[in-house]
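Here is the structure we will look at.
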Amino acid sequence: MTVEMLVDTPPRGGQRLRLLLHSRSGMAGLVVVCLLLIVAVAQAVGLLGYNPLTQVPGIRLQGPTAAHWFGTDQFGRDVFSRVAAGVANTARIALVAVGAAALVGTLLGVVAGFFLKGPDAVISGVTNVLFAFPPLLLALSLASVMERNWFTVAVAIAIVYVPIFIRVARGPVMSLRGIEYVRAAISSGQSRLMIMLRHVLPNITSIVIVQVSLSLSWAVLTEASLSFLGLGTPPPAPSLGSMIYEARTLVYVAPWTMIAPGVVVVLLVVGLNLLGDGLRDAFDPRKRGT
Amino acid sequence: MSIPWRGVIRRILSMLGTLLGVAVFVFIMLRAIPGNQITAGLGTEAAALTPEQRAALEAYYGIDKPLLGQFFTWIGNVLTGNLGFSSRSQVSVLSLTLNALPVTFELAVLSIVLALLIGIPLGMLSASKPDSPRDAIGQLIGLAGLSVPSFLLASALLTILSAKFGFNPNGEAYATLTEDPVRNLRQMLLPSLTLGFGIAAPIMRTTRTALLEVRSQDFVRTARAKGVGMRRLQVRHILGNALVPIVTITGLQFGYLLGGAVVVEQIFSLPGIGRQVLIGIQGKEYAVVQSTVLVIALLFVVVNLLTDILYRIIDPRVRAE
Amino acid sequence: MTRGSRLTRGSLSLIGLGLAFAMAVSGCSSSTAGGVATSTAPKVGGNLVVGITTDPDNLYPWKATQFQAVNVLQTLYGTLTEFDKDLNVVPGLAESWTYSSDNLTVTMKLRQGVKFADGSTFSSKDVKFSLDKIKDKTTAAVAASSLASVTSVEATDANTVTLKLSAPDAALLANLASINMAILASNATEEALKTTPNGTGPFVLKERKPSQSITVARNTAYWGDKTPLDSVEFRIIPDETSIVSAMQSNNVQLAVLNDPLVAKTAQGGSLTVTKTPQLSYHVLQLNASRGVLSDVNVRLAMQCAIDRQQVLDTAALGEGEVTGPITSPAYKSDPASRPCPTRDLAKAADYLAKAGKSGGVTIKTIVSQGEYATSVAEAQNLKAQLADAKITLDLEVLASNAYVDRWVAADFDAAVALNGGRPDPDGMYGRYFTSTGNLNKVAGYSSPELDSLFAAGRQSSDPATRKATYSKISDNLEANAAWIWLFTGYTYTAASAKVSGYIPMANASVQYLRSTSLG
């Protein structure tokens, strides 16, 4: 994305929203994600009626019925509420992780791109070090270091994604510095902070938002993979990844124990990907003004 | 074809700096994990150790020396080719790594080949008639590949195929490509299919975008006006120019594969480098994890460097600069 | 056709019929309790593939504690005494032994003509070397405390060893059967042995591929019956579900599974799954040296609030038996011999009131995750049950390394644990519940009564006397609710139809690989 494209047509919120609404895939994604989140929230506030942790050995491994829409697992727990709780858990981790990574990464990227020299050298050095690790391996190592709860898993994932946001923010900011009215503002003595807030940040929000939606779907997949390896959310808290892991032994006796979390995790990621596509289309400067 | 040497040397220097940073990072991170090699080796029996026994074991594992000393000893050893020793397996880490690396490498290469075989035709299919049902199907398959977690696909494939069809080549002892190519390829089939399906999507999307972009350019319209067939154009000119982003994205996927392979290696019991790190973490074998991660980081950085150079060589626009 | 040949043919066919009949009869033998179908003449040859989930982490017998490492070592090394399939002590490298009248001297006659894998001859100097080294603190041998009562070891002649004891120790012979007491050659060093094992066992190491497999081959110089198998390959397949897949496609012929659910999926088709009750026990350990748990009434309240069968049913699908402290068959505790044999919430409330805690108590409890299949499910059920009695279990789920760290440091109020058992009760609990035991800190409880009872148990070798003593110990532990013993589980040995002669053991030993045959 060149600087001209960023600065030429000042972005307007209403225009972007309309573009998003017109994108079929974006809307589909939005609908799917919202639906899943609604169910997850309903579970979290107890509207669904079952506690995902309650074990009732008498009704173990029953297929889907009116009472248990997704059946029961090997401990007699209701699979539907476990899946919903799993979505809530995954969503919480992904949002916290990506939110933190976006905040910290964008800030560091702006600082690096704006101030250059010293700060840039340090920040770019750290970015390169973190980038040298394959993402899952880094998340895995970090997760095994810390005491295991949902927050530390989120922190581990956040650390993996910070470098992406740093890089995403830094480039455009560096280009922006060279733009005339920014240079004018600097030489006229305006505080650096004001310049960053007024001219720089608004111009990179679109890129950051697109990156956020991309990272959300990766974060969901990473958390699920970590839980599958036994390093993510500790039991008995339900996690889609660990549910799939446990279901491997049950898949002939009770296929719904794997189908339910499997389908839901795919839906969640598909929804986030479609939403990301829609956002990207909405923010693509080449489509603006048509 | 001029290779910008100064730029390359600068890149190499910064690469070394990055690797040093990686070494420090990994070293500190491992020491932060609760427990040490004594409890990892003895488990709950470690409670029965007397202070003298504990001291003897600490000296044996080398963990009684100050941290800084341990770090520099390790770095010094690495630079002379001594990556450390695994007391679990009773072989040097170098030997472990040299056995494990080809496995993961082969897996990564086969996965990329499969991904290209799936992704490029799908991309061509989608691009041939944008916004048509054909396009939708292509995009849907790509989306599925992106969204289905590799562990889900791998578990499903393994359980169904082994129980229903008795197909489980991964239950046999692992054979390297040179030992028994047929058995090796059979054992690599499901794992590389799983991983390849996952990375086919970015390749498909990149192909589609690149094809669409190039198609609208002048020289293509001229050729079509002259009556040159679409098929020939696609394959020779369009694909040739679209190669650049495809190469770039393929290089990027390699890094993802090195990390993502750990789950697939676990499920299909492939003795690759990802599993080596996992086992090292669980067994608290500092030497194994530190040196292996360093090697992986080195590989990753080198691959990125090579991709960059390749990109500069084949991209006509960059060449012109 | 001459008369002669007709006769020959007739007699031949008669013999043939007789043979066929004999073979049919012998081939029809059904499976013995706890074993796999045996035929009279085991077929010689073949490579048996055993599925294990992880690489053995240590091939030095005196330091190995990991399940897989111990199994491999059991094929390579020998001990002075051994266990038979009913866990009775039988001769091993020691052919016979006699006690002096005061029980303070044991004279052991060693087997002759035994060779180590490197060809050297086994003799008393190897026994002296091994026992001395195990006792030596700098060796850091795991079994050192089992030789605490041995003051000296003498090689009186090439085939005799004399042990002098500081006090009678009836558990000594059983303790000598553990693989951690393997007899090594007198020139053995840890470094050398870790790469090149050198033992007197029925197998020798053939090949090792880290993270892939470890193969042992028949020891043609073994002192006992040579094993029918040519070799045994322990193949590493990271999880039990994949092992079952490999068994169903006949790549693996034998495996020991711990997860009851996985074992269920293995059943059927051509695989047989044998359930073996184990000596290891599931327990809620209490640290009586800390906080509210120092009051016996609080501990008894917990005992009365828990229905052990419910924990077993919920967490382990009923696969196991409710148990008291001692699990070995010869000294088994009566699970009903405790203040609250069944759940009694009224009594629980009484005990809490006596402790002055009618409002309830909170106990910080650690649970491991990933060590064994049922830990977290047990913890959850315990939490739910205790909540009914106003006792709150504050659960902390920890990854294996973190859990082991805390357990070893006794840094917990309560711990949900699966501890190993041993055939001899003194070997099992002596370390924990005596005030000088090296695991007493972890056990969190001791008393003068227990000290004298354990000493008494070691004094006499008369089984009847010992049984009575250990019964008293068991009752004492339950009456004081030192810990809350829950249940013993099973291990599941899955074997393909071609495997015969393998007998799973309650102490999880795979020693009967030496009599196993394929096909």
Side-chain angles (χ1 to χ4, degrees), chain A residues 50-62 72-78 82 85 89 139-153 156 226-239 241-255 257-258, chain C residues 53 238-245 248 257-269 307 309-319 366-385 387 393 395-403 405-406 416 492:
Chain A
Y50 287 107
N51 182 335
L53 302 180
T54 312
Q55 303 168 332
V56 188
I59 52 168
R60 274 174 42 214
L61 298 176
Q62 285 181 351
T72 57
D73 70 5
Q74 72 273 30
F75 294 123
R77 300 179 291 205
D78 175 51
R82 280 183 69 77
N89 177 53
L140 191 154
S141 318
L142 286 169
S144 52
V145 169
M146 302 185 263
E147 185 193 315
R148 283 177 58 204
N149 55 53
W150 74 266
F151 187 69
T152 55
V153 174
L226 283 179
S227 299
F228 186 85
L229 288 172
L231 290 168
T233 319
S239 154
S242 55
M243 285 176 75
I244 294 177
Y245 181 77
E246 288 167 8
R248 286 159 68 230
T249 48
L250 301 167
V251 79
Y252 294 108
V253 193
T257 51
M258 186 182 279
Chain C
T53 52
D239 74 8
E240 291 193 351
T241 314
S242 304
I243 293 184
V244 172
S245 297
Q248 286 165 337
L257 307 168
N258 290 299
D259 189 336
L261 274 172
V262 178
K264 274 205 162 61
T265 58
Q267 255 159 350
D307 175 356
Q309 187 67 42
Q310 193 190 113
V311 180
L312 173 56
D313 287 338
T314 315
L317 313 173
E319 294 282 314
I366 59 173
V367 191
S368 67
Q369 196 255 327
E371 283 276 301
Y372 57 101
T374 54
S375 50
V376 179
E378 283 170 41
Q380 267 193 276
N381 185 259
L382 286 167
K383 185 181 163 104
Q385 289 197 52
L393 279 191
L395 292 180
E396 220 184 315
V397 178
L398 303 169
S400 312
N401 7 309
Y403 174 86
D405 253 19
R406 298 275 298 271
V416 176
Y492 304 87

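Convention: sequence-line order gives letters A, B, ...; per-chain numbering from 1.
- Most heavy-atom pairs under 4.5 Å with chain A: of the set C/Leu398, C/Asp313, C/Leu317, this distinction falls to C/Leu317.
- Taking chain A as the reference chain and counting heavy-atom pairs below 4.5 Å, the highest number among C/Thr314, C/Val397, C/Asn381 is found for C/Thr314.
- For a residue to count as touching a neighbouring chain, one of its non-hydrogen atoms must lie under 4.5 Å from one of that chain's; by this rule C/Thr265 touches chain A with the side chain only.
- Neither the backbone nor the side chain of C/Ala373 comes within contact range of chain A, judged by heavy atoms closer than 4.5 Å.
- When C/Val262, C/Leu395, C/Val376 are compared by the number of non-hydrogen pairs under 4.5 Å with chain A, C/Val376 comes out ahead.
- The main-chain N or O of C/Leu261 is never found under 3.5 Å from a side-chain atom of A/Gln74 such that the two would form a donor-acceptor pair.
- Closest heavy-atom contact between A/Phe75 and C/Ala315: CE2-O, 3.6 Å.
- Atom CG of C/Asp239 and atom OH of A/Tyr245 lie 4.5 Å apart (nearest 0.5 Å).
- If you measure heavy-atom distances from A/Leu231 to chain C, you find no contacts under 4.5 Å at all.
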